[in-house]
Amino acid sequence: MPDKIKTIEEAISQIYDGASVMLGGFGVPGTPFCLIDELVRQGQTGLTLIKNDANEMGMGVDHLLENGQIDKLITTHIGLNSRAVNLMNDGNLEVEFCSQGILAERIRTAGAGLFGFLTDIGIDTDLAGGKKIIEVDGRRCLIETSLKADFAFIHALHADAFGNLEYSASAQNFNPLMAMAADNVIVESEFIVATGDILPNTIHTPGPFVDVVVPLVELTEEYGVVRR
Amino acid sequence: MPDKIKTIEEAISQIYDGASVMLGGFGVPGTPFCLIDELVRQGQTGLTLIKNDANEMGMGVDHLLENGQIDKLITTHIGLNSRAVNLMNDGNLEVEFCSQGILAERIRTAGAGLFGFLTDIGIDTDLAGGKKIIEVDGRRCLIETSLKADFAFIHALHADAFGNLEYSASAQNFNPLMAMAADNVIVESEFIVATGDILPNTIHTPGPFVDVVVPLVELTEEYGVVRR
Amino acid sequence: MELSDVKDRMIRRAAKEVEAGMTVNLGIGLPTQVARYVSPTTPVCLHSENGISGVGPSLPYGKADRNLIDAGGAYVSVLPGTAFFDSAVSFAMVRRGRIDLTILGAFQISTAGDLANWAIPGMFTPGAGGAMELAQKACRVVVLTTHLDKRGNSKIVKECSLPLTAPHCVSRIYTDMAVIDVVEEGLVLVEIAEGLSVNDVVASTDSPLLIPQINIPVF
Amino acid sequence: MELSDVKDRMIRRAAKEVEAGMTVNLGIGLPTQVARYVSPTTPVCLHSENGISGVGPSLPYGKADRNLIDAGGAYVSVLPGTAFFDSAVSFAMVRRGRIDLTILGAFQISTAGDLANWAIPGMFTPGAGGAMELAQKACRVVVLTTHLDKRGNSKIVKECSLPLTAPHCVSRIYTDMAVIDVVEEGLVLVEIAEGLSVNDVVASTDSPLLIPQINIPVF
């Protein structure tokens, strides 16, 4: 199988100003903190981020917000990051809210090479505003469009050089979906294993979806258990 | 966790005349031959089947066709079963063909509680006939509707009593999708393992999707390697 | 009677919703605490939106797995039968009707069973998370909340003034003052908290309440 | 020269399409045999529609795993790095453009690169399987087929008379007589089989062929 291993500097240097970037993770688990830190270091700006949440203050997405790199955030919930809420309220950050499962499905729909799907979720709420409604089989449906991105940053537990991936516990969340949806999929992995070491039945993301695999030398403190 | 184990007779006795039934499997791997055989024995009629293929002569779906239990087949390819082709050509079996990935996606869409999706697959071919076309973001799309069923017959390698499932190799195919899409999901499993014996990261179908688990005492010859 | 006792009793009362065989999603905050009052021998499966079925008890800091949290951010554990999956599968389970029961928090519940629990415009609009899909698609939706908000206003109202999570979704309301059913005709007072009178509950409720009998059971 | 030799050479010629780093889907029939001429040291990943990436060599009856077949029904094997997945993920890979190359069989190919390979109305309409999605969405689509059908008619035609699999999808055609590119202006003769003249190929082809030079390379 092809070998896709690159350094973190190489991987992130592909990102250009104005790019759209998906970030895996739900809270801490599955968030690619090291790739984010390198993006902060390189400083690309005008980015559109797609992530379930905005992490907490002082972690992950928050560094990008603090560094002024983000123009727009597509997300489901930012209640744990007051900087994100304040930037939004002050008009300095465009935020598009989706229902959580609808965000997941919009990303997967792009990952499946489809253009949209029909749902009644939120049809009688404010979140339906501006969305097209059609009737199919006598049922009113919203058209939700697919959501793709130029790049996806993925955090895996195990990866082989071809990009077969396994996630840990609840760190799976949006990662396998984003790994399907982006044009250029960059994976950071806690362990790089020999190709064949992840059993064929245990692979969560098959290698053909992945473009770049970055080995992590060590995990930063952000990956740890948060004391509340 | 709840216990969902039943006998094969009990499980299949729920099927009623005129029901729609999804059958996992692509060729031999993943086809629930024992559940099918019990359905042949019980003899419910007027069924709509949803399956990738019609198996080969003398196997699985073919028994149901021979027994006159099937009114309609929704499928992708029936070239290996001349009985199915002849019944169709003679007007004795209604056959609806889908492109293979579109059939998979229509089933998954029902399993995801959605009503349809937008695609350009087949848009300029005969398979687009009768489907609604809409324009989204300047792109012509077919509306493909979700496909659910009253029942799904699933073949798993490992199951626990709660219905957590693991499939073997290419026996996965349509099984996990159908296990999401039917109102009543009946699983036959080669091995019933203690709950907890399938690792949380290795479970292909989580238990909440499953209604009934049927232990298989022995595999019939149909499950074996076919000598060609 | 201390408030904490009342809260404990309302949570314990709501826990009777959880029956053998169910797959259950508990919302963030008070609803999460319902798990404490479900007997470990009752065969139920707890679901968490971030991709877990069979959520195990929460763990203290020292024993936590950094990769295993529930949707509320609490460190949780595995049980025999726990499964992990991605967010699309997790919400497929919700929208396909595989969640038998969800217990959610609320800002407001209307006479018609409308639920508002995700936005207070101008003050707090952090996003709806997965609440809309749970409210709209779980087989049974009940609310567990304090009867009054922090300013002492009734959360149970004729019409929600806040943005809706979903209309006509709530079947029952558990508060520190009462258990209330949502039926075709409106809200029915089912039980009242020990030490309160029917009039106490009616006076604290901004929606009409149907009183089906003279002696309302006490919880 | 025996037919089998010519077929071998056309398959070997088509195998040069498969380059290091690619994920490749080989259609049922002749295209499947291309795998025999790809060096095991070339880092490529073979995809099969029924849910495999990294398909390994086919196995004889005695060594077969009853649960491991490719989309053509052949018993295959695993390699280091093989992954199994469901049919929805498999075609997500196809439609998302993660298949760099597909080599398909054909009933007809038109001057415009239209492909017909799934139905002969009134004779053989078993269903399209996954061919439409591969033809429409793989990054590069090439055809590997005999130049003439069983009745001796050209498969390369001005317009397909058979139902289309996908319009304007074929980039190159490999036959036992020639290698032909599909370009904006039509079909270009790129190579001819050893022992044939350009006139032989032109006479066997029902579409105009552009002849770019006097000496056409031989394969």
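Residue numbers start from 1 in every chain, and the chains themselves are labelled A, B, ... in the order their sequence lines are given, proteins ahead of strands.
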Could you tell me which portion of [X] (side chain, backbone, both or neither) has an atom closer than 4.5 angstrom to a non-hydrogen atom of chain C?
| X | answer |
| --- | --- |
| A/Leu177 | side chain |
| A/Asp120 | both |
| A/Glu56 | neither |
| A/Ile107 | neither |
| A/Val226 | both |

Side chain, backbone, both or neither: which part of [X] has an atom under 4.5 Å from a heavy atom of chain A?
| X | answer |
| --- | --- |
| C/Ser48 | neither |
| C/Ala92 | neither |
| C/Tyr75 | side chain |
| C/Glu133 | both |
| C/Ile52 | side chain |

- Message: I need the residue from C/Ala88, C/Gly129, C/Gly130 with the largest number of non-hydrogen atom pairs under 4.5 Å to chain A.
- Response: C/Gly129
- Select, from C/Leu164, C/Leu68, C/Val76, C/Asn67, the one with the greatest count of heavy-atom pairs under 4.5 Å involving chain A. C/Asn67
Considering only heavy atoms and a distance below 4.5 Å, find which of [options] pairs most often with chain C.
| options | value |
| --- | --- |
| A/Ala171, A/Ser99, A/Gly27, A/Gly79 | A/Ser99 |
| A/Ile102, A/Asn52, A/Asn175, A/Val85 | A/Ile102 |
| A/Thr119, A/Thr75, A/Leu127 | A/Leu127 |

- Do the side chain of A/Gln172 and the main chain of C/Gly51 share a donor and acceptor less than 3.5 angstrom apart? no
- Message: Do C/Asn50 and A/Gln100 make a side-chain contact, defined as non-hydrogen atoms from C-beta onward lying under 4.5 Å apart?
- Response: no
- Message: Side chains of C/Asp86 and A/Phe174, heavy atoms from C-beta outward: is any pair under 4.5 Å?
- Response: no
How far apart are the closest heavy atoms of [X] and [Y], and which atoms are they?
| X | Y | result |
| --- | --- | --- |
| C/Arg66 | A/Val28 | O-CG1, 4.5 Å |
| A/Pro29 | C/Ile69 | CD-CD1, 3.6 Å |
| C/Thr165 | A/Thr125 | O-CG2, 3.4 Å |

- Message: Does atom CZ (A/Arg139) have a neighbourhood of more than 12 heavy atoms from anything else shown, all under 6.0 Å?
- Response: no
- ring pair (Phe, Tyr, Trp, His ring centres under 6.0 Å) pairs touching residues 146-183 of chain C, sequence neighbours excluded, are none
- Task: Among residues two or more places apart or on two chains, list those pairs meeting ring pair (Phe, Tyr, Trp, His ring centres under 6.0 Å) that have a residue in residues 95-140 of chain A.
- Result: none
- Task: Residue by residue, scan residues 210-223 of chain A and write down, ordered by number, those that have a heavy-atom distance under 4.5 Å to chain C; if none do, write 'none'.
- Result: A/Leu219, A/Tyr223
- Message: Please report the interatomic distance CZ(A/Arg108) to CZ(C/Phe91), rounded to the nearest 0.5 Å.
- Response: 16.0 Å
- Item | Distance (rounded to the nearest 0.5 Å) between C/Arg95 CZ and A/Ile121 CD1 | 6.0 Å
- Test A/Phe26 against C/Asp70 for side-chain contact (heavy atoms from CB on, under 4.5 Å), laying out the working first. CA-CA 10 Å; A/Phe26 185 118; C/Asp70 67 15; over 6 Å; no
- C/Pro121 meets the side chain to side chain contact (heavy atoms under 4.5 Å, CB included) criterion, sequence neighbours left out, with C/Leu162, C/Pro163
